[in-house]
Enquirer: 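The structure follows.
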Number of protein chains: 2
Amino acid sequence: MVNDPFKALSHPIRRGIVERLAEGPATVGEATGGFGVSKPAISKHLKVLEDTGVVKRVVEGRTHRLSLEPEVLSVAADWMDRQRALWGRLFDVVDEYLKEGESQ
Amino acid sequence: MVNDPFKALSHPIRRGIVERLAEGPATVGEATGGFGVSKPAISKHLKVLEDTGVVKRVVEGRTHRLSLEPEVLSVAADWMDRQRALWGRLFDVVDEYLKEGESQ
DNA sequence: GCTACTGTTCACCAAGTGGTTAACGATCCG
DNA sequence: CGGATCGTTAACCACTTGGTGAACAGTAGC
């Protein structure tokens with residue numbers, strides 16, 4: 001199990017899959033066409049996304065319908081937001097720091 | 001070289017370092033104390049963050065002053081924002097989809 | 001029933017990751 | 001100078017990751 005949204009997003013192919021699914025549900029073929037890797041590779045990436053809870057899968061006949069599970073991605077997004085709130089302060093701190101450097 | 005902010009953030013220790021640095025610059029010891037791993041392990045994590053451009057290092061005597069480089073993290077944050085904008089639509093799409101399912 | 005299609009699982013492999021201990025380099029301080 | 005401190009580098013190891021081809025399972029359609 002991975003259970004870490006950042007780890008799930010740490011591979012460009014998986015981010016690509018998320019990007020496509022962000023536009024709406026899709027089958028495996030639709031969501032992963034054109035990445036230029038074999039089907040087993042895709043299958044593994046999907047498993048990571050599914051284990052992490054980023055993607056949900058519903059089997060429909062011989063195709064699988066994939067959809068995003070936005071709540072899990074929100075954990076990562078919220079972390080980014082919290083850090084970004086601090087970056088705002090950081091700009092000030094670094095500004096201050098650089099000014100101190102100049103005046104010495 | 002890593003050159004991928006998501007990959008840089010894909011390890012909890014590196015996120016911890018970023019969290020501490022988001023509150024302001026710090027030395028290696030200050031920024032990485034209490035992670036419970038050896039110094040070489042820390043050194044490697046720092047190298048990843050530095051290679052990616054997330055963290056900047058200035059040598060000051062025998063200590064190293066670390067600070068965040070927010071622009072690079074913004075690349076990741078912006079990606080999250082773009083996806084999140086789509087998730088908004090996604091909620092609607094999924095809603096629609098579920099309703100269709102009910103009515104069949 | 002047979003064939004085509006969608007997708008997974010299996011077995012394998014090369015490369016990368018994350019950790020260790022030991023040794024080192026450089027700086028500060030008595 | 002000599003010792004303590006901050007941090008890196010080197011060499012090594014176990015495990016994970018990301019990929020492959022081959023085979024399989026299930027469904028759809030002729």
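In the text below, chain A, chain B and the rest are named by the order of the sequence lines, each starting its count at 1.
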Enquirer: Ignoring the backbone of B:Pro40, work out which of D:dG19, D:dA10, C:dG19 is nearest its side chain.
Expert: D:dA10
Enquirer: Would you please test A:Val75 and A:Phe6 for side chain to side chain contact (heavy atoms under 4.5 Å, CB included) and show each step?
Expert: CA-CA 9 Å; A:Val75 172; A:Phe6 277 103; over 6 Å; no
Enquirer: Does C:dG16 have OP1 or OP2 under 4.0 Å away from a side-chain N or O of B:His11?
Expert: no
Enquirer: In terms of the nearest nucleotide of DNA chain D, which residue is placed more toward the 5' end: A:Lys44 or B:Gly29?
Expert: B:Gly29
Enquirer: Ignoring the backbone of B:Lys39, work out which of C:dG7, D:dG7, C:dT20 is nearest its side chain.
Expert: D:dG7
Enquirer: In whole Å, what is the span from the CD1 atom of A:Ile17 to the P atom of C:dG7?
Expert: 12 Å
Enquirer: Before you tell me yes or no, could you show the steps for A:Leu86 and B:Leu68 under side chain to side chain contact (heavy atoms under 4.5 Å, CB included), namely the whole-Å CA-CA distance, both residues' side-chain angles and the distance that decides it to 0.1 Å?
Expert: CA-CA 11 Å; A:Leu86 292 169; B:Leu68 278 191; over 6 Å; no
Enquirer: Expressed in angstrom and rounded to an integer, what is the separation of B:Arg65 atom CZ from D:dG7 atom P?
Expert: 10 Å
Enquirer: Output yes when a side-chain donor or acceptor of B:Arg84 lies under 3.5 Å from a complementary backbone atom of A:Pro70, and no otherwise.
Expert: no
Enquirer: Return the 5'-most residue of the pair A:Gly36, B:Leu46 with respect to DNA chain D, ranking by each residue's nearest nucleotide.
Expert: B:Leu46
Enquirer: Can you figure out which of D:dG18, C:dT8, D:dG7 approaches the side chain of B:Val28 most closely?
Expert: D:dG7
Enquirer: Without decimals, in angstroms, what is the distance between A:Leu49 CG and D:dG18 C1'?
Expert: 14 Å
Enquirer: Go through the N and O atoms of the side chain of A:Arg62 and the base of C:dT6, and report whether any donor-acceptor pair is under 3.5 Å.
Expert: no
Enquirer: Could you work out which one of C:dT9, D:dG7, C:dG18 sits closest to the side chain of B:Arg14?
Expert: C:dG18
Enquirer: Within this structure, what is the NZ-to-P distance between A:Lys47 and C:dC10, rounded to whole angstrom?
Expert: 11 Å
Enquirer: Would you kindly give the CZ-to-C1' distance between A:Phe35 and D:dG18, to the nearest whole Å?
Expert: 15 Å
Enquirer: What is the separation between atom CD1 on A:Ile42 and atom P on D:dG21, rounded to the nearest whole Å?
Expert: 14 Å
Enquirer: Keeping the roles fixed (side chain from B:Glu30, backbone from B:Thr27), state whether a donor-acceptor pair exists under 3.5 Å.
Expert: yes
Enquirer: Run B:Val55 and B:Glu69 through side chain to side chain contact (heavy atoms under 4.5 Å, CB included) and show every step you take.
Expert: CA-CA 5 Å; B:Val55 161; B:Glu69 208 77 289; over 6 Å; no
Enquirer: Could you give the NE2-to-C1' distance, from B:His64 to D:dT5, as a whole number of Å?
Expert: 12 Å
Enquirer: Between D:dG7, C:dG19, D:dG19, which nucleotide gets closest to the side-chain atoms of B:Val37?
Expert: C:dG19
Enquirer: Using 4.0 Å as the upper bound for N to carboxylate O, is an ion pair formed by B:Lys7 and B:Asp51?
Expert: no
Enquirer: Which one, C:dT17, D:dG19, D:dC12, comes nearest to the side chain of B:Lys7?
Expert: C:dT17
Enquirer: Could you check how far CG of A:Leu66 sits from P of C:dT8, rounded to whole Å?
Expert: 8 Å
Enquirer: Remember a base hit wins even if backbone is also touched, and classify A:Ser38 as base, sugar-phosphate or nothing at under 4.0 Å, heavy atoms.
Expert: base
Enquirer: Select one nucleotide: of D:dG19, D:dC12, D:dG7, the one nearest the side-chain heavy atoms of B:Arg57.
Expert: D:dG7
Enquirer: Considering only side-chain heavy atoms of A:His45, which listed nucleotide, C:dT9, D:dG18, D:dG7, is closest?
Expert: D:dG18
